[in-house]
Q: 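There's a structure below that I have some questions on.
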Amino acid sequence: DLPWRDRVELFALDKDNKVLGGYYEQDKTHGVFGGGIDGDNPEEAAAREFKEESGWPVENVRMLPIDPVQHEWKPPYASAAQAERAKQFRGSRTLLAAGDIPADATYEEPIDPSGLRNIKFRRLVDALRGTRVDRAYSPETAEARRAAIKYLIKERRARRQKMGSYNEKMEKVSFLP
């Protein structure tokens, strides 16, 4: 049995909690940057692929608690490259990660541009709306991407609530004699 070709997609957020992504030409669904894990660990691969495809650096990369998505490759293949890879791998297994684009980050021209179109920073809820399962080339991948975005929305809400209670405590302390 051939092994899976491991890959990782990265949901990178800016200081305003907007995710950088675009739309796939093929099915007009929202996606993010990613690529193969080539001897590095998933976090390193996510940061490398994100920089290569988007032109932005990323930090604080962490794996998301979303099950990997597996796609078995069978003819007709999506591309000549996939047909060649199918000689070594049974298909792809996609992991999902998140990271932060530093506030002082500088954009550089991508060295390996992705196939995404209309690339820009979007609110998480807008990225979620654009990740359409009903028209996705791979509904399983779209579902995993939606789960990742929902997780990030919940994570950001929890962080805001925590900061709110911290600020309330600090206000009370500042009034003490």
Q: With hydrophobic residues grouped by side-chain heavy-atom distances under 4.5 Å, do Leu152 and Val125 end up in a single group?
A: yes

Q: Check step by step if side chain to side chain donor-acceptor pair (under 3.5 Å) holds for Thr94 and His71.
A: CA-CA 9 Å; Thr94 303; His71 289 285; 5.9 Å; no

Q: Atom NZ in Lys28, atom OH in Tyr24: separation rounded to 0.5 Å?
A: 13.5 Å

Q: With side chains defined as the heavy atoms from C-beta onward, is the minimum distance between Ile149 and Phe11 less than 4.5 Å?
A: yes

Q: Output the distance between atom OG1 (Thr131) and atom CZ (Arg146), rounded to the nearest 0.5 Å.
A: 6.5 Å

Q: Could you tell me which non-hydrogen atom of Arg85 sits nearest to which non-hydrogen atom of Trp73, and how far apart they are?
A: CB-CZ3, 3.4 Å

Q: State whether the number of non-hydrogen atoms from other residues, nucleotides or ligands found under 6.0 Å of Asn41 atom CG is greater than 12.
A: yes

Q: Near Tyr77 OH, under 6.0 Å, is it more than 12 heavy atoms from other residues, nucleotides or ligands?
A: yes

Q: Which donor-acceptor pairs under 3.5 Å do the side chains of residues 95-111 make with protein atoms, sequence neighbours left out?
A:
unit_1 : atom_1 : unit_2 : atom_2 : d
Asp100 : OD2    : Asn60  : ND2    : 3.1
Glu108 : OE1    : Lys51  : NZ     : 3.2

Q: What distance separates Arg122 CZ from Arg129 CZ, expressed to the nearest 0.5 Å?
A: 12.5 Å

Q: Taking the basic N atoms (NZ, or NE/NH1/NH2) and the acidic carboxylate oxygens, is any pair closer than 4.0 Å for Glu43 and Arg62?
A: no

Q: Does the pair Arg132/Asp134 count as a salt bridge with the N-to-O cut at 4.0 Å?
A: yes

Q: Would Asp27 and Arg135 pass as an ion pair if we require N to O under 4.0 Å?
A: no

Q: Looking at every heavy atom in both Pro139 and Val133, which two are closest together, and how far apart are they?
A: CB-CG1, 4.0 Å

Q: Can you see which heavy atom on Val61 is nearest to which on Ala47, and at what distance?
A: CG2-CB, 4.1 Å

Q: What's the separation between atom CZ in Arg117 and atom OH in Tyr23, rounded to the nearest 0.5 Å?
A: 14.5 Å

Q: If two hydrophobic side chains count as joined below 4.5 Å and joins carry through other members, does Val19 share a cluster with Ile66?
A: yes

Q: Does a salt bridge link Glu155 with Arg157, judged by any charged N lying under 4.0 Å from a carboxylate O?
A: no

Q: Roughly how far, to the nearest 0.5 Å, is the CD atom of Gln70 from the CH2 atom of Trp4?
A: 4.0 Å

Q: Taking the side chain as every heavy atom from C-beta outward, state whether Val69 and Arg93 have any pair of such atoms under 4.5 Å apart.
A: no

Q: I'd like to know whether NZ of Lys15 has more than 12 heavy-atom contacts from other residues, nucleotides or ligands below 6.0 angstrom.
A: no

Q: Would you say the side chain of Asp40 lies within less than 4.5 Å of the side chain of Arg48, judging by non-hydrogen atoms?
A: yes

Q: Indicate yes or no: at least one non-hydrogen side-chain atom of Ile119 is less than 4.5 angstrom from one of Phe33.
A: yes

Q: Kindly determine whether Leu10 and Glu49 satisfy side-chain contact (heavy atoms from CB on, under 4.5 Å), including the steps that lead there.
A: CA-CA 8 Å; Leu10 180 71; Glu49 288 288 343; over 6 Å; no

Q: Can you tell me how far the CG atom of Leu2 sits from the CZ atom of Phe89, to the nearest 0.5 Å?
A: 9.0 Å

Q: Is Leu13 reachable from Phe50 through a run of I, L, V, M, F, W or Y residues, each pair having side-chain heavy atoms under 4.5 Å apart?
A: no

Q: Do Val8 and Met63 make a side-chain contact, defined as non-hydrogen atoms from C-beta onward lying under 4.5 Å apart?
A: yes

Q: Do Tyr151 and Val32 belong to the same hydrophobic cluster, where Ile, Leu, Val, Met, Phe, Trp and Tyr are linked whenever their side-chain heavy atoms lie under 4.5 Å apart, directly or via other members?
A: yes

Q: I want to check something: taking the side chain as every heavy atom from C-beta on, are Arg5 and Asp38 in contact at a cut-off of under 4.5 Å?
A: yes

